[in-house]
Amino acid sequence: MSSVEAGPLLAWFSQHRRRFPWRTPFPRDPYLVLVAEVMLQQTQASRVAVLFPRFLERFPTLDLLAAASEDEVVAAFAGLGYYRRARLLHRLAREVAARGWPRSSSELVRLPGMGPYTAAAVAAFAFGELTPPVDGNLCRITARLFAVNSVLRSPTLSAQAHAFARKLVATHPTPEIFEALMELGATVCTPQQPQCAICPWATHCAAFRGGKPSAFPLPQPARTKETPTWVALWVENAAGEVLLRQLTEPPLLGLWLPPLHRGDGDPQYRAAILAQEAGLVANPSLVGSLRHHITHRRITVLLFRAAPPLGVREEANGFRWASPSALLPTSSLAEKLARLAHRSRAKGEAP
DNA sequence: AACTCGGGGCC
DNA sequence: GGCCCAGAGTT
């Protein structure tokens, strides 16, 4: 590990640091660090930068988050994905509101939603602890610097990354080192086409000297991919409300969406089943399709439209009417479906 | 150790 | 298209 030193990294970071709303001076407000780090789990910073301010406006303090209902918290997470994070964040807020903040990573890691990475990050950025948060960036940098033949999230590579960061921070004892490492990984030592020409450590990097920096870490084993077809039913009443149903199993468990049929069979028949379950007599008609990706699934959604029931605003079991702006736990899929429904209506297709 | 869980950005 | 992202929980 030898000649790789923190100095060049910190010098580079001082010139190339990106501005993010959670990057306030150290030590940071633990609540801000918490929300940012949970959102950043498996989510690119540019994406979090869009939704982080909205969430903090909705829940400015940990006590307000703890006082909210779980559904309100999940609704504020809409569009971020991995909604289990929102539920765990809510549980965590209630524990901390009741008992106060643990200040060490070894205690933080026992809280819901806090794994080794997030606990170390909160401890470092909010409380000054110098235990390295080991994330994908640090692991990738470590794999390249030392030509480690491991896949990204293997225990062996994580251990080497932890040891490397610990040596670095020993010479410059500031949590800024950890943020600089992540920034280098996110903007220079990137997964594909790393920018070795501007890397402060290129001359010390085994992967760079070997000529193929992107060969490290080793590629992940291929995932099996599914390409299911879902059927969705769009029903809008005279008040402009849309019929929604809560999903009772993953994926998207607990979220409110237009009624979905996620089985197999003839699409028109599946749409008729949805209409029947919703207590509708109208015959659904196809209005269009869209693609949606979640984890290893590449989903085609066929959207059908059906007329609302006349008169009474009935809500069959598990269904409810809601205006598009209603604060319900939902997915970005809901917005895609709404856009498709309104496009098709604008083109004059039959309701 | 292997799976599951969203969604978007980037090639 | 395929790959990956400031991971954690469950089996």
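Reminder, nothing fancy here: chain letters follow the sequence lines and each chain counts from 1.
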Novice: For a quick check of understanding: with a heavy-atom distance under 4.0 Å over all strands, which category does A/L138 fall into, base, sugar-phosphate or nothing?
Specialist: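 Nothing: the residue A/L138, judged by heavy atoms under 4.0 Å, touches no strand.
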Novice: Tell me which of A/G113 and A/L40 sits closer to the 5' end of DNA chain C, going by the nucleotide each one is nearest to.
Specialist: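 Nearest nucleotide further toward 5': that of A/L40.
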Novice: Separation of A/R87 atom CZ from C/dG7 atom C1', in whole Å?
Specialist: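 Spelled out: CZ on A/R87 to C1' on C/dG7 is 17 Å.
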Novice: Would you indicate what A/Q192 reaches in the nucleic acid, counting non-hydrogen atoms under 4.0 angstrom: base, sugar-phosphate, or nothing?
Specialist: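 Sugar-phosphate only.
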Novice: Between B/dG7, B/dC5, C/dA6, which one does the side chain of A/P251 approach most closely?
Specialist: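 It is B/dC5.
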Novice: Could you state the atom-to-atom distance from OH of A/Y117 to P of C/dG9 in whole Å?
Specialist: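 Atom-to-atom, A/Y117 to C/dG9, this comes out as 15 Å.
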Novice: Within the 4.0 Å heavy-atom criterion, would you say A/R84 contacts the bases, only the backbone, or no part of the nucleic acid?
Specialist: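 It contacts base atoms.
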Novice: Which part of the nucleic acid, if any, lies within reach of A/E183 when heavy atoms closer than 4.0 Å are counted: base, sugar-phosphate only, or nothing?
Specialist: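 If one applies the 4.0 Å heavy-atom cut-off, A/E183 turns out to touch nothing in the nucleic acid.
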Novice: Which part of the nucleic acid does A/T190 contact within heavy-atom distance under 4.0 Å: base, sugar-phosphate only, or nothing?
Specialist: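 No contact.
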Novice: So what does A/A121 hit on the nucleic acid, given a heavy-atom distance under 4.0 Å: a base, only sugar-phosphate, or nothing?
Specialist: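 Counting heavy atoms under 4.0 Å across all strands, no contact is made by A/A121.
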Novice: Say whether A/S214 and A/Q192, considering side chains only, have a donor N or O and an acceptor N or O under 3.5 Å apart.
Specialist: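 On atom types as modelled, these side chains do not qualify, holding no pair under 3.5 Å.
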Novice: Nearest of B/dC5, B/dG6, C/dA6 to any side-chain atom of A/L252?
Specialist: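 So the side chain of A/L252 is nearest to B/dG6.
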Novice: Reckon A/R153 touches a base, only the sugar-phosphate, or nothing at all at heavy-atom distances under 4.0 Å?
Specialist: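 If one applies the 4.0 Å heavy-atom cut-off, A/R153 turns out to touch a base.
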Novice: A/R223 has an atom CZ; how far is it from atom P of C/dC4, in whole Å?
Specialist: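 Taking CZ of A/R223 and P of C/dC4, I get 10 Å after rounding.
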Novice: If I take atom CZ in residue A/F178 and atom P in nucleotide C/dA6, what distance separates them, rounded to the nearest angstrom?
Specialist: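 Checked: the CZ to P distance equals 17 Å.
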Novice: Has the side chain of A/S332 got a donor or acceptor that lies under 3.5 Å from a partner of the other kind on the base of B/dG8?
Specialist: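 A donor-acceptor contact between them is absent.
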Novice: A/H293 side chain N/O closer than 4.0 Å to the phosphate oxygens (OP1, OP2) of B/dG8?
Specialist: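 Negative; the distance criterion is not met.
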Novice: Nearest to the side chain of A/R298, heavy atoms from C-beta on, is which of C/dG7, C/dG1, C/dA6?
Specialist: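 Of the candidates, C/dG1 comes closest.
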Novice: Nearest whole Å is fine: how far is B/dG6 P from A/I294 CD1?
Specialist: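 Computing the A/I294:CD1 to B/dG6:P distance gives 6 Å.
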Novice: Checking all strands, does A/M39 fall into the base, sugar-phosphate, or nothing category for heavy-atom contacts under 4.0 angstrom?
Specialist: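 Touches nothing.
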Novice: Starting from the C-alpha separation in whole Å, work towards a yes-or-no answer on salt bridge (charged side-chain N to carboxylate O under 4.0 Å, His left out) for A/R298 and A/E226.
Specialist: CA-CA 6 Å; A/R298 308 173 51 76; A/E226 291 176 34; over 6 Å; no
Novice: So what does A/P133 hit on the nucleic acid, given a heavy-atom distance under 4.0 Å: a base, only sugar-phosphate, or nothing?
Specialist: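 Here A/P133 touches no strand at all.
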Novice: Among C/dG2, B/dG6, C/dA8, find the nucleotide with the atom closest to the side chain of A/K225.
Specialist: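 That would be C/dG2.
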Novice: Could you check A/Q44 against A/L88 and say which one's nearest nucleotide on DNA chain C is further toward the 5' end?
Specialist: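 Looking at the nearest nucleotide for each, A/Q44 comes out on the 5' side.
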Novice: Please test A/H90 against A/R94 for side chain to side chain donor-acceptor pair (under 3.5 Å), starting from the C-alpha separation and ending with a verdict.
Specialist: CA-CA 6 Å; A/H90 181 233; A/R94 293 197 161 177; 3.3 Å; yes
Novice: Any base atoms under 4.0 Å from A/S331, or only sugar-phosphate, or nothing? Heavy atoms, all strands.
Specialist: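 Sugar-phosphate only.
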Novice: So what does A/G185 hit on the nucleic acid, given a heavy-atom distance under 4.0 Å: a base, only sugar-phosphate, or nothing?
Specialist: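 Result for A/G185 = nothing.
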Novice: Taking the same atom, C1', in B/dC5 and in C/dC4, what whole-Å distance lies between them?
Specialist: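 Their C1' atoms lie roughly 15 Å apart.
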Novice: For the side chain of A/R23, counting heavy atoms from C-beta on, which of B/dC11, C/dA6, B/dC5 is nearest?
Specialist: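 Among the listed nucleotides, the one closest to the side chain of A/R23 is C/dA6.
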Novice: Should the ring pair A/F26 and A/F125 be called parallel, tilted or perpendicular, given that the plane angle runs from 0 to 90° and is split at 30 and 60?
Specialist: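 A/F26 and A/F125: parallel rings.
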Novice: Quick one: which of B/dA1, B/dG7, C/dG7 gets closest to the side chain of A/R47?
Specialist: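 Out of B/dA1, B/dG7, C/dG7, the nucleotide with an atom closest to A/R47's side chain is B/dG7.
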Novice: Give one of base, sugar-phosphate or nothing for A/Y83, where a contact means two heavy atoms less than 4.0 Å apart.
Specialist: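 Here A/Y83 touches the backbone only, sparing every base.
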Novice: Categorize A/P219 for me: base, sugar-phosphate, or nothing, with a 4.0 angstrom heavy-atom threshold over every strand shown.
Specialist: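 No contact.
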Novice: Does A/R297 place a side-chain N or O at less than 4.0 Å from the phosphate oxygens OP1/OP2 of B/dT4?
Specialist: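 No, no such contact exists.
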